[in-house]
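Only one structure is covered here, and it is reproduced in the block below.
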Amino acid sequence: MEILVIGIGAGDPDHLTMQAVRAIERAEVFFVLDKGEVKQELVDLRTEILEKYAPGAKVVVGRDPERDRSSTAYVESVDDWRRRRADVCAGLIEQELTGDQVGAFLVWGDPSLYDSTLAILDDLLARGELKFGIEVIPGISSVSALAAKHRIGLNQVGKPIQVTTGRRLAKEWPDGVDDVVVMLDAQTAFTAHTDQDADIYWGAYLGTPDELLVAGKLSEVAGEIEKVRAQARERKGWIMDTYLLRRGHR
């Protein structure tokens, strides 16, 4: 058996690379974790892609387990959630994939950047109950899409860039770094740094018809981003956003 982990981009079907299209055409069974009605749009986009490049393909849907977001033990709660996700994936693969068949997971953005699919598959292999090969097809990440939409480079000349989470940014601005890309920020951590002489390049639902973009001096547009973000989340029931914070550039 072989499992293809295919990056499908940040939300625009045109983000698909030719390599991703060829991989989709190779796969015989597609595994999808359903996040419920609130995020049905995420399943719908995958369906649109499959109808175009793999019409009639077998699609197997499993229920994505809920994560305990109230726990103060963040790492432990994520580990528990991943184990339960792995259990669901193990059941799907065992039931639906046989012999030398090729299965696939369609992954938002790029599988190597803040996505758990590869870690889950590694966990399944470590258990020793399933044996399969893994091939990873990179995709256009939300970070790349963000930079493209704002027509900027992610780094300044000769300077490093750091990718981090909102949880870590809320504690402190990373030491020795002027360019910070922030993902998984549920609490608008950028508001803790409006005293910095920094710009922000923010985007939500990148590549989709609902795409939102705001850019400017952090101290001046932080409130606007909070408002736009809250309204979007209320309207859709969920939000996927990321942003770049940049110091020392005008």
Side-chain angles (χ1 to χ4, degrees), residues 1-11 17 19-20 23-24 26-36 38-39 42-43 45-47 49-50 54 57-143 162-168 181-186 238 240 242:
M1 292 188 293
E2 184 177 16
I3 303 292
L4 308 178
V5 184
I6 306 171
I8 60 172
T17 65
Q19 184 183 19
I24 289 172
R26 281 177 54 203
E28 298 163 88
V29 182
F30 293 88
F31 301 107
V32 175
L33 294 182
D34 185 1
K35 296 179 181 292
V38 171
K39 293 188 177 181
L42 305 182
V43 176
L45 177 59
R46 287 187 173 95
T47 301
I49 289 172
L50 292 178
K58 184 175 183 179
V59 179
V60 180
V61 179
R63 180 64 177 178
D64 195 1
E66 294 290 334
R67 197 184 84 187
D68 182 5
R69 298 181 182 276
S70 63
S71 174
T72 56
Y74 176 73
V75 174
E76 290 78 2
S77 67
V78 171
D79 286 343
D80 173 69
W81 173 62
R82 284 187 173 183
R83 278 192 295 270
R84 289 184 288 118
R85 282 190 117 199
D87 291 340
V88 173
C89 291
L92 296 178
I93 293 170
E94 188 173 19
Q95 294 171 22
E96 305 293 343
L97 213 58
T98 60
D100 59 354
Q101 284 188 308
V102 179
F105 288 88
L106 303 184
V107 174
W108 287 103
D110 183 274
S112 67
L113 184 63
Y114 282 93
D115 182 80
S116 64
T117 306
L118 292 177
I120 287 171
L121 294 178
D122 285 343
D123 179 31
L124 295 185
L125 290 175
R127 295 180 185 185
E129 299 169 1
L130 292 169
K131 292 184 179 181
F132 50 83
I134 300 174
E135 181 179 346
V136 180
I137 292 85
I140 295 175
S141 70
S142 61
V143 177
Q162 182 165 328
V163 180
T164 190
T165 65
R167 181 179 294 268
R168 296 184 68 89
V181 170
V182 184
M183 306 182 73
L184 307 179
D185 183 3
W238 62 280
M240 289 172 57
T242 188

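Computed over heavy atoms, backbone and side chain alike; hydrogens, waters and symmetry mates excluded.
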Side chain to side chain contact (heavy atoms under 4.5 Å, CB included) evaluation trace for D185 with T165: CA-CA 6 Å; D185 183 3; T165 65; over 6 Å; no
For [X], check side chain to side chain contact (heavy atoms under 4.5 Å, CB included) against everything at least two apart and list the hits.
{"X": "L125", "answer": "F132, I134"}
{"X": "A57", "answer": "F30, A54"}
{"X": "V60", "answer": "V29, F31, K58, L92, E96"}

Could you measure the distance from the [atom1] atom of [X] to the [atom2] atom of [Y]? Nearest 0.5 Å is fine.
{"X": "K131", "Y": "E129", "atom1": "NZ", "atom2": "CD", "result": "12.0 Å"}
{"X": "D87", "Y": "L124", "atom1": "CG", "atom2": "CG", "result": "8.0 Å"}
{"X": "T242", "Y": "M183", "atom1": "OG1", "atom2": "CE", "result": "5.0 Å"}

Taking only residues two or more places apart in sequence or in another chain, which ones pass side-chain hydrogen bond (donor to acceptor under 3.5 Å, both in side chains) with Q162?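 Once residues adjacent in sequence are excluded, Q162 has no partner under the side-chain hydrogen bond (donor to acceptor under 3.5 Å, both in side chains) criterion.
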Residues two or more places apart in sequence or in another chain: which of them pass side-chain hydrogen bond (donor to acceptor under 3.5 Å, both in side chains) with Q101?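 Partners of Q101 under the side-chain hydrogen bond (donor to acceptor under 3.5 Å, both in side chains) test: T98.
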So with a 6.0 Å cut-off around CD of E94, is the heavy-atom count from everything else above 12?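 Count not over threshold, so no.
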Minimum heavy-atom separation for [X] to [Y], with atom names?
{"X": "A23", "Y": "I6", "result": "CB-CD1, 3.7 Å"}
{"X": "P138", "Y": "T17", "result": "O-OG1, 4.3 Å"}
{"X": "Y114", "Y": "V163", "result": "CE1-CG1, 3.7 Å"}
{"X": "V5", "Y": "P111", "result": "CG1-CB, 3.7 Å"}

Any side-chain heavy-atom pair of [X] and [Y] under 4.5 Å:
{"X": "V136", "Y": "L118", "value": "yes"}
{"X": "V107", "Y": "I8", "value": "no"}
{"X": "V181", "Y": "T164", "value": "no"}
{"X": "W108", "Y": "L45", "value": "yes"}

Show your working on side chain to side chain contact (heavy atoms under 4.5 Å, CB included) between M1 and D100 and close with a plain yes or no. CA-CA 5 Å; M1 292 188 293; D100 59 354; over 6 Å; no
Do [X] side-chain atoms and [Y] backbone N/O form a donor-acceptor pair below 3.5 Å?
{"X": "R46", "Y": "L106", "answer": "yes"}
{"X": "E135", "Y": "L4", "answer": "no"}
{"X": "S141", "Y": "G109", "answer": "no"}

Scan for salt bridge (charged side-chain N to carboxylate O under 4.0 Å, His left out) pairs involving residues 103-123, sequence neighbours excluded, and state none if there are none.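 The answer is D123-R127.
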Candidate pair C89 and L121, rule side chain to side chain contact (heavy atoms under 4.5 Å, CB included), full reasoning: CA-CA 8 Å; C89 291; L121 294 178; 5.6 Å; no
With side chain to side chain contact (heavy atoms under 4.5 Å, CB included) as the criterion, how do S142 and M240 come out once you've worked through the C-alpha distance, each side chain's angles and the decisive distance to 0.1 Å? CA-CA 9 Å; S142 61; M240 289 172 57; over 6 Å; no
Checking salt bridge (charged side-chain N to carboxylate O under 4.0 Å, His left out) for the pair D80/R84: CA distance, chi angles, key distance, verdict? CA-CA 6 Å; D80 173 69; R84 289 184 288 118; 3.1 Å; yes
